[in-house]
Amino acid sequence: MKAYLNRRYHFSASHRLHTDVFNKAKNRELFGKCNNPHGHGHNYTVQVTFSGLINPETGMVCNLADLDSFAQKNLLSRFDHTNLNTLESFADKVSTTENLSIEIYRIFQSFPAAHLEQVHIEETSNNSFDFAGDRAPFGMRAPGTI
């Protein structure tokens, strides 16, 4: 029997939305207050969704302690209380939460105990982002597709 597991993690990080592709005025116009030269911060909530067969011996999709250990080593220790713009993964891309969701998906895709379905990130109470690899998240498919 296939089941889905959602797990949430929290971290705080800062960033500045800016790209060298545009001049100072265009960056300000495009990114507004998020282009502040001193940056700004968020308290991010990341929800990862995994699926897998329920282990008949444990009754679980995967061991939560293993998942939490993986998240601590690969997500929290890397992103918590950091400036995203200083990380190698954002050296050549804007540190938007869309790009952050892709990076976090890439990280959790290597968790071996279950299949990663999608990553959901809440940046603010008004902004959240989903990334599901090369397929659209459930409920986010293009019109006319199944």
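Quick caveat: nothing in here was measured; it's all calculated off a predicted structure.
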Evaluation steps, side chain to side chain donor-acceptor pair (under 3.5 Å), between T49 and Q118: CA-CA 5 Å; T49 301; Q118 78 173 31; 4.9 Å; no
S51/V61 under side-chain contact (heavy atoms from CB on, under 4.5 Å): CA gap, chis, key distance, verdict: CA-CA 7 Å; S51 66; V61 171; 5.9 Å; no
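You'll find the ring centres of H38 and H40 outside the 6.0 Å limit.
Annotation: the span from I104 atom CD1 to N99 atom CG amounts to 11.5 Å, rounded to 0.5 Å. The OG atom of S95 lies 9.0 Å from the CG atom of L87; values are rounded to the nearest 0.5 Å. Here N55 contributes atom CG and M60 contributes atom CE; the two are 7.5 Å apart, rounded to the nearest 0.5 Å. Taking CD of E117 as the start and NE2 of H115 as the end, the distance is 4.0 Å to the nearest 0.5 Å. Expressed to the nearest 0.5 Å, how far OG of S128 lies from OH of Y44 amounts to 13.0 Å. Rounding to the nearest 0.5 angstrom, the gap separating the CG atom in N85 from the CZ atom in R16 is 8.0 Å.
In this structure the side chain of F129 never reaches within 4.5 angstrom of the side chain of T96, judged on heavy atoms. Between H42 and S12 there is no side-chain heavy-atom pair separated by less than 4.5 Å. Side-chain contact check for S110 versus F70: some heavy-atom pair is nearer than 4.5 Å.
Below 30°, between 30° and 60°, or above 60°: for F50 and F108 the angle between ring planes is above 60°, a perpendicular geometry.
Distance alone, capped at 3.5 Å, places no donor-acceptor pair between the N74 side chain and the I107 backbone. Proximity of a side-chain donor or acceptor of S77 to a complementary backbone N or O of Q72 within less than 3.5 Å is detected. D80 contributes no side-chain N or O that, together with a main-chain N or O of F11, makes up a donor-acceptor pair within less than 3.5 Å. Checking side-chain atoms of T82 against main-chain N and O of F79 turns up no donor-acceptor pair under 3.5 Å.
For the pairing with N35, the side chain to side chain contact (heavy atoms under 4.5 Å, CB included) check across N27, T19, L30 returns one residue only, N27.
Under a hydrophobic-cluster definition in which Ile, Leu, Val, Met, Phe, Trp and Tyr are linked whenever side-chain heavy atoms come within less than 4.5 Å, directly or via other members, L116 and L100 are assigned to the same cluster. Under a hydrophobic clustering in which Ile, Leu, Val, Met, Phe, Trp and Tyr are joined whenever their side-chain heavy atoms come within less than 4.5 Å, directly or via other members, I121 and L17 fall into different clusters. Follow the hydrophobic side-chain contacts under 4.5 Å out from Y4 and you never reach V48; the two are in separate clusters. Tracing side-chain contacts under 4.5 Å through hydrophobic residues (I, L, V, M, F, W, Y), one reaches L75 starting from L84; they form part of the same cluster.
Screening residues 67-77 for salt bridge (charged side-chain N to carboxylate O under 4.0 Å, His left out) gives R7-D68 as the qualifying pairs, with residues at least two apart or on separate chains. Identified under the ring-ring contact (aromatic ring centres under 6.0 Å, His included) test for residues 86-106, with sequence neighbours left out: Y105-F131. Residue pairs meeting the salt bridge (charged side-chain N to carboxylate O under 4.0 Å, His left out) criterion with at least one partner in residues 93-110, sequence neighbours excluded, are R78-E103, E103-R106.
When all heavy atoms are compared, the tightest approach of Q47 to N6 is NE2-OD1, 3.3 Å.
No more than 12 heavy-atom neighbours from other residues, nucleotides or ligands sit within 6.0 angstrom of CG on D20.
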